[in-house]
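Have a look at the structure below, then the notes.
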Amino acid sequence: MIEANNKVQSGLDDFFEEEDFGQLLDAFDKSKEEAMAEGVIVEIKNDEVYVDIGKKSEGILPLAEIQKDDGQLLFKTGDRIKVAVVGYYGGRSLLSHKKALRKEKAIEFIKNYKEEDSENIFNVKVVGKNKGGLIVVDDNDIEFFLPRSQYGFKESNNVLGKTFKVKIIKIDHEEQSIIVSRKKTLDDERKKRKELINNIAQEQGVIEGIVKKITTYGMFVDVGGIDGLVHYSEISYKGPVNPSLFYKEGDKVPVKVISYNKERKHLSLSIKAALPDPWSEIKDSLEVGDTIKVIVSNIEPYGAFVDLGNDIEGFLHISEISWDKNIKNPKDYISKGQEIDVEVIEINSDERRLRVSLRNLLSKPFDEFLKKYKLSDVLEGEVTLTTAFGAFINLGMIEGLLHNEDASWSRSDKCKDKFKVGDKVKVKIIKIDTENQKISLSTKELCESPVQEYAKNHKVGDIVKGRIRDIKDFGIFVELSQNVDALIHKEDISNSTLENLKIDDEIEAAIVFIDEKKNRIRLSVKNLVKMKEREVLNEINDNDKITLGDIIKDQLA
């Protein structure tokens, strides 16, 4: 019995696969009156329901067709039931209650159908398949036929259960079947979309759109059923911006069409093109040198962007934030959202460029420095940079330069050997250049110079000896002791003596000048000669016994 039941069910399944209401009667050589019937359930056995439809033998109906989702039966033995004859197997009629109900609904649908209904688009679900196409039903369980030629998609085996949009293309009153097409729907939609795109692409004015989706590179905006892209550079006159900071999905926005790529079917839109150009508004109202209030809208390592409040952003370069040349990060001086006054230093409406300065509105550090300090003042600073010629010292407001020659009384000392960046050092202001706004510093003047030490035991008129260190066109440098040099000008030595001198020779001379502050000593050989002549004359005057002739004789000897 089980084997026989399986054969019956297999026959039903095979027939349902072949079944096409448009060809049903011809396939089995039966009239449409015989295709629909009302019978009486005579027995329910296993998975089959036996229904008496007035034939020699009962027809077979699958049990699943009269069961609810929870397994409860909708009918019982003795109940009358509407069925459709859908085939034959082993001399018995194969029946379907669901197809009978759908057939009734289809007949009612055809009865009320109007020609204008052919333009209606509705959803259907695939419930069966045969050689000619697909059996589909709508939300009201009305059955339709979708021929293979009207699919509009590639045929596949997993189409059952899929949902499509279709249109009615034919009503077969004789066969009481309804033919639908998905291809027609797609073709009509393409045609309508093409017309819509052409109309939108040719639109020159401002149109209203709805934000559909926001991405990192822009927004997709629906304009009358067509989606176009508003690139993030086309949102604001400020330049490229993050769309999510300005809009959210569902917002209505004004847009203008800027291009349409037919090959890529890409519609480009612009929000800023649909708005008044703020650069035109400020063209005649803003000039270089004007002071304006702005809001810091974004901070980058190289500077900040400031919002003028009318969809225009200006750029504040890091060098224009402070007079401090060593500024590391703009965030140390300004913060996002802060309102500040700035000066316009460049404006170019054609290139949409605006540069501003915060520094120009601040007091110049050099001027503030001169209010607090003067020449010869001593203060503490921090080494910010060492070079081959000296070191730069941060004095709080400005930087001063400490040359190598002002860092030590020793000629061989260099700043890069004495200091490192970050060292705290006391310095003395030795020069203020107001024209070039430069400060010269000294550390050597804060301690006793070698000449000062030397001057404790020597004075002008003393006769000293030293080693010739260098010979120049203008004179001779003589090393008197460690770090103490003296200069003999060319005019302070005879030519005959000068011609015979060479470096490292010992020379004797008289001190004629000592400058302790500038660490300078001048010597003179000619003065030494005069002094010695004066000593000789003094000896003559002190010794009456010695005559002038004797002295002359001694000098000639």
Side-chain angles (χ1 to χ4, degrees), residues 1-25 27-28 30-110 124-146 159-163 175-178:
M1 179 63 73
I2 295 175
E3 182 179 355
N5 290 339
N6 288 339
K7 287 182 178 179
V8 172
Q9 185 62 47
S10 175
L12 283 169
D13 291 342
D14 289 343
F15 187 79
F16 292 158
E17 180 70 16
E18 300 292 329
E19 187 255 348
D20 180 340
F21 275 100
Q23 304 172 5
L24 179 62
L25 301 182
F28 294 96
K30 298 294 183 180
S31 66
K32 58 188 178 185
E33 286 79 16
E34 291 178 320
M36 294 285 292
E38 186 174 44
V40 178
I41 298 175
V42 296
E43 184 181 6
I44 299 176
K45 191 174 183 179
N46 297 328
D47 292 332
E48 297 171 348
V49 179
Y50 294 88
V51 182
D52 182 2
I53 56 172
K55 302 283 185 179
K56 292 180 180 180
S57 61
E58 294 87 3
I60 301 174
L61 175 71
L63 179 65
E65 289 211 5
I66 63 168
Q67 280 182 318
K68 294 181 180 179
D69 292 338
D70 58 4
Q72 292 185 17
L73 296 178
L74 297 169
F75 298 90
K76 63 183 183 298
T77 302
D79 285 351
R80 299 190 69 79
I81 186 170
K82 292 179 180 180
V83 292
V85 179
V86 295
Y88 295 96
Y89 186 83
R92 291 180 180 272
S93 299
L94 302 179
L95 309 176
S96 172
H97 174 60
K98 289 184 177 179
K99 290 184 182 294
L101 296 179
R102 291 174 183 167
K103 191 69 175 178
E104 280 188 336
K105 291 181 179 181
I107 293 171
E108 184 67 22
F109 182 89
I110 293 172
V124 293
K125 181 180 180 181
V126 180
V127 295
K129 181 180 178 183
N130 58 45
K131 291 181 180 179
L134 301 174
I135 308 302
V136 297
V137 296
D138 67 3
D139 294 338
N140 297 316
D141 209 29
I142 300 173
E143 195 166 80
F144 304 88
F145 178 58
L146 176 61
V159 72
L160 289 177
K162 298 288 186 181
T163 301
E175 301 295 340
Q176 296 179 334
S177 63
I178 312 166

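Numbers here are sequence positions counted from 1.
- In this structure a side-chain-to-backbone donor-acceptor pair under 3.5 Å is present from E65 to H97.
- Using a 4.5 Å heavy-atom threshold, the side chains of L101 and D141 count as separate.
- With sequence neighbours excluded, the residues satisfying side chain to side chain donor-acceptor pair (under 3.5 Å) with K82 are E104.
- In this structure, the ring pair (Phe, Tyr, Trp, His ring centres under 6.0 Å) partners of F144, at least two apart in sequence or on a different chain, are F109, F122.
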Let's go through I53 and V85 carefully: what are the C-alpha distance in whole Å and the side-chain angles of both, what is the deciding distance for side chain to side chain contact (heavy atoms under 4.5 Å, CB included) to 0.1 Å, and is it a yes or a no?
CA-CA 10 Å; I53 56 172; V85 179; 4.2 Å; yes
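- By the salt bridge (charged side-chain N to carboxylate O under 4.0 Å, His left out) test, E38 is found to be paired with R80, residues two or more places apart in sequence or in another chain being considered.
- Under a 3.5 Å cut-off, the side chain of K105 and the backbone N or O of N140 do form a donor-acceptor pair.
- With values rounded to the nearest 0.5 angstrom, I60 atom CD1 is found 13.5 Å from S96 atom OG.
- Residues forming a salt bridge (charged side-chain N to carboxylate O under 4.0 Å, His left out) with D52 (at least two apart in sequence, or on another chain): none.
- Under the 3.5 Å distance criterion, the side-chain polar atoms of E43 are left unmatched by any main-chain donor or acceptor of Y50.
- Scanning both residues, G128 and L160, for their nearest heavy atoms gives N-CD2, 3.7 Å.
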Assess the residue pair V127 and R102 against the criterion (side chain to side chain contact (heavy atoms under 4.5 Å, CB included)); give the C-alpha distance rounded to whole Å, side-chain angles, the decisive distance to 0.1 Å, and a yes or no.
CA-CA 12 Å; V127 295; R102 291 174 183 167; 3.8 Å; yes
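- Looking at residues two or more places apart in sequence or on another chain, you find a salt bridge (charged side-chain N to carboxylate O under 4.0 Å, His left out) between K76 and D79.
- The side-chain heavy atoms of L63 and L73, taken from C-beta on, include a pair separated by under 4.5 Å.
- Remark: E108 engages N112 in a side chain to side chain donor-acceptor pair (under 3.5 Å) (not counting sequence neighbours).
- Each of L95, V40, L74, L61 was compared with I81 under the side-chain contact (heavy atoms from CB on, under 4.5 Å) criterion, and only L61 meets it.
- Closest non-hydrogen pair, A100 versus V83, comes out as CB-C, 3.4 Å.
- By the 6.0 Å contact criterion, CG on D70 is enclosed, its count of non-hydrogen atoms from other residues, nucleotides or ligands being greater than 12.
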Between I135 and F145, is a side chain to side chain contact (heavy atoms under 4.5 Å, CB included) present by the stated rule, with each step listed?
CA-CA 5 Å; I135 308 302; F145 178 58; 3.9 Å; yes
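- One distance of note links CG of L94 with NZ of K99; it measures 12.0 Å at 0.5 Å rounding.
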Run the side chain to side chain contact (heavy atoms under 4.5 Å, CB included) test on V51 and E58 for me, step by step, so that the C-alpha distance in whole Å, both residues' side-chain angles and the decisive distance to 0.1 Å come before the verdict.
CA-CA 5 Å; V51 182; E58 294 87 3; 5.9 Å; no
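- Annotation for I142 and D138: closest pair N-OD1, 2.9 Å, computed over non-hydrogen atoms.
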